[in-house]
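So you know, we letter chains A, B, ... as the sequences are listed, proteins then strands, and number each from 1.
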There are 2 protein chains.
Amino acid sequence: MLTSRDWAEAALDAIGQRGVEGVAVEPIARDLGVTKGSFYWHFANREALLVAALQLWEARETDDVLERVRQETDPRARIQRLITEVNASRRASRIHTALSSATKPGFVRDYVERVSKRRLDFIQDCYAGLGLGAETARRWALMTFSVFLGALQIRRDLPGEWPTADEPAFGDYVKFLMVTLVPPDLDGDDAATTDAAPAGTAARNG
Amino acid sequence: MLTSRDWAEAALDAIGQRGVEGVAVEPIARDLGVTKGSFYWHFANREALLVAALQLWEARETDDVLERVRQETDPRARIQRLITEVNASRRASRIHTALSSATKPGFVRDYVERVSKRRLDFIQDCYAGLGLGAETARRWALMTFSVFLGALQIRRDLPGEWPTADEPAFGDYVKFLMVTLVPPDLDGDDAATTDAAPAGTAARNG
DNA sequence: CCGTGTCAATACGGCGCCGTATGGAACCGC
DNA sequence: GCGGTTCCATACGGCGCCGTATTGACACGG
């Protein structure tokens with residue numbers, strides 16, 4: 001007795017392990033211990049399964065994560081929370097790299113592009129919360145997002161180089177990322193970095 | 001009259017356009033205007049074609065690039081040269097992202113891992129040239145390498161966000177990268193960032 | 001002319017996958 | 001019991017690809 005959600009979950013696993021092209025109906029059916037007959041009851045075709053998997057992915061790795069980060073109100077703490085949240089799951093890393101390198105079905109690319117835009121905009125908002133202007137915030141957001149994406153790949157290609165949340169060196173790395181990925185104190189006289197009227201200058205915390 | 005090099009070149013194109021799994025003998029043969037009969041004269045099988053393509057890729061995108069960057073002797077100028085070199089080709093970006101997300105043949109993953117290690121070590125040497133200790137240089141190298149890898153993906157997923165070498169905004173971005181990806185002046189009294197050259201950097205294994 | 005080497009076309013068997021069609025077992029209300 | 005619904009199994013045709021013959025066209029030196 002499977003539900004369509006079970007299939008979507010299995011498809012997401014398959015994406016992480018074998019890539020988007022590795023999402024094949026019959027192998028997944030074997031993994032689930034059933035046959036294709038079950039699949040074509042729940043889904044119209046393979047493409048529908050991919051769409052369901054993508055929706056699951058966006059809900060978990062974007063909606064939920066951003067919601068958790070948003071609960072942090074202090075701008076600096078929010079960025080730090082973002083960095084740690086995003087470096088947590090190893091499974092999510094594999095899925096992300098697999099998705100963002102998909103080529104075959106056009107709608108997968110569109111989907112990834114839309115989600116990436118959402119994430120980048122959110123990071124930009126985080127930096128804007130520090131008092132940066134839109135342009136400068138966008139630059140920093142691109143930097144931070146790039147480091148995130150690059151870290152995913154490094155964790156995959158060079159395991160051991162980039163620490164994960166369960167390793168002791170992880171705290172040091174987050175600190176290192178914070179000092180390089182967060183612009184130095186804006187409250188000082190070095191306010192030339194803000195390219196627009198700073199609505200409210202964020203106070204620094206500890 | 002084709003040479004095995006022509007096939008390898010076409011395979012590299014196929015990797016950039018359709019991914020590693022998209023390297024299929026018969027479609028490439030159609031692209032080249034011949035049939036499989038030609039292919040199996042030059043190569044034993046599909047795997048041999050992939051190996052040839054990977055060798056071509058390493059020679060062009062690692063050996064040659066690192067050689068050009070090495071000609072820059074000044075440490076800061078060398079890092080800047082590295083950043084600009086590496087952000088030049090759009091084709092190379094697509095190939096890299098496709099390769100670094102391959103899953104199917106194990107030897108492709110091994111190959112990418114080895115090349116990634118070469119690149120990362122080179123970047124670390126660049127930072128060591130600034131006077132940084134091994135540990136600190138490794139951290140900065142991981143940052144810079146991550147930004148490079150992330151930029152590849154952003155150029156692909158969010159075209160227009162990250163400028164390419166032919167756009168006018170490219171110069172500004174390189175400058176921005178330089179100030180954030182190069183530690184502040186070490187010649188000053190703030191030499192605490194150097195980790196004082198420990199005897200062996202055995203902390204990091206292979 | 002003949003033999004040999006080079007490069008490519010054609011034909012074939014096989015495999016893994018997609019999607020459809022059909023059947024069947026379990027459960028439901030009645 | 002009986003039709004209906006739900007969920008899955010089985011069987012089939014088709015496609016795209018791999019790899020292996022086998023044959024052919026075109027050079028070249030003898």
Side-chain angles (χ1 to χ4, degrees), chain A residues 1-56 95 98-99 101-111, chain B residues 1-56 95 98-99 101-111:
Chain A
M1 276 288 292
L2 295 176
T3 143
S4 63
R5 167 139 190 149
D6 294 328
W7 281 95
E9 205 83 57
L12 212 49
D13 274 337
I15 289 176
Q17 291 168 13
R18 301 186 293 271
V20 175
E21 309 305 316
V23 179
V25 175
E26 286 162 329
I28 293 181
R30 284 193 288 271
D31 286 350
L32 291 175
V34 294
T35 65
K36 297 194 306 183
S38 168
F39 173 80
Y40 283 100
W41 169 256
H42 295 286
F43 294 91
N45 49 31
R46 175 178 174 275
E47 179 168 325
L49 176 64
L50 279 179
V51 171
L54 286 173
Q55 287 170 346
L56 211 59
I95 293 176
L99 282 177
S101 72
T103 48
K104 277 207 321 207
F107 72 93
V108 173
R109 295 229 47 72
D110 297 341
Y111 209 100
Chain B
M1 276 288 293
L2 296 176
T3 142
S4 64
R5 167 138 191 153
D6 295 326
W7 281 95
E9 206 83 57
L12 213 48
D13 274 336
I15 289 175
Q17 290 167 15
R18 301 186 293 271
V20 175
E21 308 306 315
V23 179
V25 174
E26 287 162 327
I28 293 180
R30 284 194 289 271
D31 286 350
L32 291 174
V34 294
T35 64
K36 298 193 307 183
S38 168
F39 172 79
Y40 284 98
W41 169 256
H42 296 287
F43 295 91
N45 48 30
R46 176 178 173 275
E47 179 167 326
L49 176 64
L50 279 178
V51 171
L54 286 173
Q55 288 170 345
L56 211 58
I95 294 176
L99 282 177
S101 70
T103 47
K104 275 204 324 200
F107 71 92
V108 173
R109 295 229 47 73
D110 296 342
Y111 209 99

From [atom1] of [X] over to [atom2] of [N], roughly how many Å is that when rounded to an integer?
X       : N      : atom1 : atom2 : result
A:Tyr40 : D:dA11 : OH    : P     : 18 Å
A:Asn45 : D:dG14 : CG    : P     : 20 Å
A:Ile28 : C:dC17 : CD1   : P     : 10 Å

*State whether the side chain of A:Asn45 and the backbone N or O of A:Ala48 hold a donor-acceptor pair below 3.5 Å, judged by distance alone.*
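Judged by distance alone, yes, a pair lies under 3.5 Å.
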*Counting N and O atoms only, with roles assigned by atom type, does the side chain of B:His42 sit under 3.5 Å from a partner on the main chain of B:Asp6, one being a donor and the other an acceptor?*
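No; judged by distance alone, with no hydrogens or angles, the pair does not exist.
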Inter-residue atom distance [X].[atom1] - [Y].[atom2], 0.5 Å rounding:
X        : Y       : atom1 : atom2 : result
A:Trp41  : A:Ser4  : CH2   : OG    : 12.0 Å
B:Arg109 : B:Leu99 : CZ    : CG    : 9.5 Å
A:Leu49  : A:Ile28 : CG    : CD1   : 5.5 Å

*For residues 35-49 of chain B, pull every pair meeting salt bridge (charged side-chain N to carboxylate O under 4.0 Å, His left out), keeping only residues two or more places apart or in separate chains.*
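Residue pairs passing salt bridge (charged side-chain N to carboxylate O under 4.0 Å, His left out), neighbours aside: B:Glu26-B:Lys36.
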*Encode nucleotides 5-13 of chain C as B, S and - characters from 5' to 3', where the letter depends on protein heavy atoms closer than 4.0 Å: B to the base, S only to sugar-phosphate, - to neither.*
-SBBBB---
_Looking at C:dC17, I'd like to know if its phosphate oxygens (OP1 or OP2) sit under 4.0 Å from a side-chain N or O belonging to A:Arg18._
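It does not, given that no N or O in the side chain of A:Arg18 lies less than 4.0 Å from OP1 or OP2 of C:dC17.
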